[in-house]
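See structure below.
Predicted model, so just to flag it, every value in this text is computed and none were measured. Numbers restart at 1 for each chain; the letters A, B, ... are given by sequence-line order, proteins then strands.
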Amino acid sequence: MKNYLLALVLVPLMAFVALGAEKLDGQEIINRANLAFHYSGQDMVARVEMRLVDGGGQTRERSLSMLRKNLQKGGEQGYFIYFHKPADVKEMTFLVHKFPDRDDSRWLFLPAINMVRRIAANDRHSSFVGSDFTYEDVSGRDPSADVHRLLREESLGGRGCFVVESTPREDADYARKLSWIDRENFLPLREEYFDAQNALYRVFTADEVKSVQGLPSILRQTMANVKSAHRTTVVYSDLKYNVGLEDKIFSEGSLRRAPRKWLQ
Amino acid sequence: MKKSWLALGCWLALATATPSQEVSGFVQGVGALRAAASEQAASPLVSGELRLRLDLLHRPEEGPSLTIRNDLVYDAVDRVFRDEVREAYVDLDLGSDARLRAGRQIITWGVGDLLFVNDLYPKDYQAFFSGKPLEYLKIGSDAVKLDLTLKDATLELVAIPLFQGDRLPAPPGFSLSDPFRGLPRTTVKPAQGVYAARLSFSAGDYDTAIQAYHGFFLTPAARVQGSQLIQTYPGLNSCGVSVQGPGPGGAVLSGELAYYDSEADRRGTDPVVENSSLRMLLGLQKDLAEDFSLGVQVYADKMLHYDRYRATLPPGMPGREDVRTLVTARLTRLLEHQSIKLSLFAFYSPSGHDVMVTPEMQVQVSDDAQICIGANVFGGRPSTPFGALEENTNVYSWFRIHY
C-alpha cells in the first residue's frame, strides 16, 4: 500500500520535473548553443584551413593557426590568429579582444614593414579575410541581440534538433535566421539567413562533428552565399582544448613575437 | 654586375640546400610613367624595374631563427643590375623575457599613416613617390635590437652603428630643380651610431609608447665649401609619445607628439641645418560601411626659432612656413570578397597649399598573383615639398607573382 501511494506521488512528480527540465525556450537554447560553439574549454588551439570557392569554381585558400582563450567571466575572449598561407599574408598576425557588450578591439601585425596597428572594428558584419564568414560568425554573436523563438523540433541528418527562429532587436545584416540546434550537444548544425525581402541568402552547415577531449566540436563547416554561389569551407585540424595558453599571448606585445610553440 | 651573379649563385646554393618550405619569394615588375612630357626630365620612366625576391625564413621550434630577404633587381631607369639585401637578421631568445634581433632589419615606430613623427628610421621616398609596393618605403637598418618584456610593458632598445639616411627622389627618374646642379658633391656619413629606446604599455584601452632617439636627421644638410658641395647629417635628438586606441563607434584614434632637438644648431642660426621643432599628429580611422573605411589625419610641424631661420635664410630662397600643416585622407573600398582593393590617399597642406593624391587599385588575381595600377599626382608651388615634384606626376603599375 505504501509503495503504491509513493508511486502515485513520485511518478507524476518525476514526470513533471522531467518535462520542466525539457521545456527550454528559444533564448535558453541559443544561450547554450553560444557556449557550446564559442566557449568550449578555457582555451583552444587549432590549425585552420579555409577554402573559398566562387561561382566559377576558382579556389582561394587560407591557412592559419587560431588560438582562443576565455579571458574573463562574462564573455571577454581573446583570439590570436597567425597566417601561414597565402604568400601575401604569411606571418601576418591578428589579435581580437571580443567584448560581448561593446565593439571588439582589433590589432594587425604586418611583417613586411614590422608594424603593429589597431584596425577599426565597428563592423562585426564584415567578411573575415574575404570569406563568407563574418567576424561575428567567427567569434560569436551576443545571444541577447536577437529575440529567439523555438518553432519546433525535428530531425536533421539523424540528429534531433531544436529549430529556433531569431529576429534581431536592432539593425543586423539579416532580417531573420533559422537555426537547427542539436538537442544533445547544443551545437548549431544548420543555419539559414534571410534578408529583408525574406529571401534565403546565406546557409551555414556543420559538416563534421566529433568529440574532442569530451567536448563536442565542429571540425568542418561551410558557409554558402546563396545569391553569389560563393562558399567557404573551414576545416579544423589538430584541435586541442585547455592547453594552458598564457594571457600574454593575447596582448599587443605578442603580435610581433608569435608564440611558435603553438603554431604548427 | 659580377656581384649580382655571385649573389644569385649563393642563393641558388642556399635554396637547394635548405628545406623548400623555408625558401620562398616572388617576381615583381614595377613601372611608373611620367604623365606629362618634360624637357628637363632625363627619362620618361620615373621608375622601372624587375625584381626577384628570395626569402629564407628559418624558424625552428627552438633556438635562433634566421630571416633573409634579398632582392635581385634590374633597374631600367639607371640601367644596372643591383642586389638589395632588404633584411638579414637573427632572432635569439635570451630567457623568456628578452629577445635579441641582430642584423639588417626594418623597424617601424609610431602610429601615423604615411606621416612620421616618432618613426626616425630610414625611408625610401624615391620608391614611395614612384608607385612601388608600400613595403619599399621602409629601408632596413643594420642594427642590434633588444626587446625586454617587463611586468606590464615592453622596452625596446636599438643601436645602429652605421647610420643610414632616407633615399630621396633623384634623377634620372625624378626631375627636380637643383640649386647646386653641376657642383661635385660628397656625402659624409656620421661616424657615431644611432641609439633609440621605446617603452610601450597600455594605459587603459590605449596602446601608449614613449620613445627617445639619439641620432641624426634623415635628410642631409648641404653646404658649399670651396667648389664642392658637402652633405652631412646633423645630429638629432628626439623624444616623443604615441597613443592609439578606441574611439567612438569602433573607430581607432591615434595621436603622436615629438620634440626634435637639432643638436648642431640649437640656436637656429645656421641656414644649412634644420632647426629644432615640435611635431604632432592626430588621426581617426573608421569603417563607414562593410569593407569601406575612411582615415583622416591632421599633422603639424612647428619650427622653433623661426625668426632666426628667416633672418639667416640665403637671399632668393623662398623658405618654408612657420608651421607646416598637413591633412590626409585615406578611403579604402574592398570588393569581390576582398580580392579587389580600391584606395585613394591624399595629402593636402593648408599652410603650403601643396598636394599629393594617390588613387590605386590592387587586384588579387589568385592566391599567388597580384596586380596594381595607380597614379601619384603632385601639385603646388615649386617651393613646397609636393609642388617641387609636380613634373614627376606619374601613372604606375606593378605585378607580383609568388613562388
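Between A:Pro86 and B:Asp367 the shortest heavy-atom distance is CB-O, 3.7 Å. Counting all heavy atoms, side chain and backbone alike, B:Ser339 lies closest to A:Arg60 at CB-NH1, 3.8 Å. When every heavy atom of A:Lys90 is checked against every heavy atom of B:Ser24, the shortest pair comes out as NZ-OG, 4.4 Å. When all heavy atoms of B:Gln338 and A:Gly130 are compared, the closest pair comes out as OE1-N, 2.9 Å. Counting all heavy atoms, side chain and backbone alike, A:Arg118 lies closest to B:Gln285 at O-OE1, 4.1 Å. The two atoms that bring A:Ala112 and B:Glu135 nearest to each other are CB-CB, 3.9 Å, heavy atoms only.
In this structure, the separation between CZ on A:Arg257 and CZ on B:Arg101 is 11.0 Å, given to the nearest 0.5 Å.
Remark: side-chain polar atoms of B:Glu61 are not paired, donor with acceptor, to backbone N or O of A:Lys261 under 3.5 angstrom. Between the side chain of B:Thr108 and the main chain of A:Ile113, a donor-acceptor pair closer than 3.5 Å is present. Judged purely by atom type and a 3.5 angstrom limit, A:Asn114 uses its side chain to pair as donor or acceptor with the backbone of B:Ile106.
Proximity of A:Asp132 to B:His337: side-chain heavy atoms (C-beta onward) are separated by under 4.5 Å at one or more points. Counting heavy atoms from C-beta outward, B:Asp207 and A:Trp107 have side chains that approach closer than 4.5 Å. Using a 4.5 Å cut-off on side-chain heavy atoms (C-beta onward), B:His402 and A:Asp88 make contact.
Neither the backbone nor the side chain of A:Lys85 comes within contact range of chain B; no heavy atom of the residue lies under 4.5 Å from a heavy atom of that chain. Proximity to chain B is limited to the side chain of A:Arg102, based on heavy atoms less than 4.5 angstrom apart. For A:Glu61, the parts sitting under 4.5 Å from any heavy atom of chain B are the backbone and the side chain alike. Using a 4.5 Å cut-off between heavy atoms, B:Gln370 touches chain A through its side chain atoms alone. Heavy-atom distances place no part of A:His97 under 4.5 Å from chain B, backbone and side chain included. Of the atoms belonging to B:Pro60, it is backbone heavy atoms, and not side-chain ones, that fall under 4.5 Å from chain A. At a 4.5 Å heavy-atom cutoff, the contact between B:Asp93 and chain A is made by side-chain atoms alone. Contacts between B:Ser366 and chain A at a heavy-atom distance below 4.5 Å involve backbone atoms as well as side-chain atoms. Both the backbone and the side chain of A:Arg256 come within contact range of chain B, each with at least one heavy atom under 4.5 Å from a heavy atom of that chain. In this structure, the portion of A:Ser131 lying under 4.5 Å from any heavy atom of chain B is its backbone and not its side chain.
Enclosure of atom CZ in B:Arg104 by more than 12 non-hydrogen atoms of other residues, nucleotides or ligands within 6.0 angstrom is indicated. In the displayed structure, A:Gln213 atom CD is contacted under 6.0 Å by more than 12 heavy atoms of other residues, nucleotides or ligands. Within a 6.0 Å sphere centred on CZ of B:Arg59, heavy atoms belonging to other residues, nucleotides or ligands number more than 12. More than 12 heavy atoms of other residues, nucleotides or ligands lie within 6.0 Å of CG in A:Asn198, so this atom counts as buried by the packing criterion.
Between chain A and the residues B:Arg69, B:Arg86, B:Lys138, B:Arg99, the most heavy-atom pairs under 4.5 angstrom are made by B:Arg99. For the options B:Glu62, B:Glu87, B:Gln105, B:Gln364, heavy-atom pairs under 4.5 Å to chain A are most numerous at B:Gln364. The choice from A:Ser127, A:Ser251, A:Ser228 that makes the most heavy-atom pairs within less than 4.5 Å of chain B is A:Ser127. Taking chain A as the reference chain and counting heavy-atom pairs below 4.5 Å, the highest number among B:Leu334, B:Asp205, B:Asp91 is found for B:Asp205.
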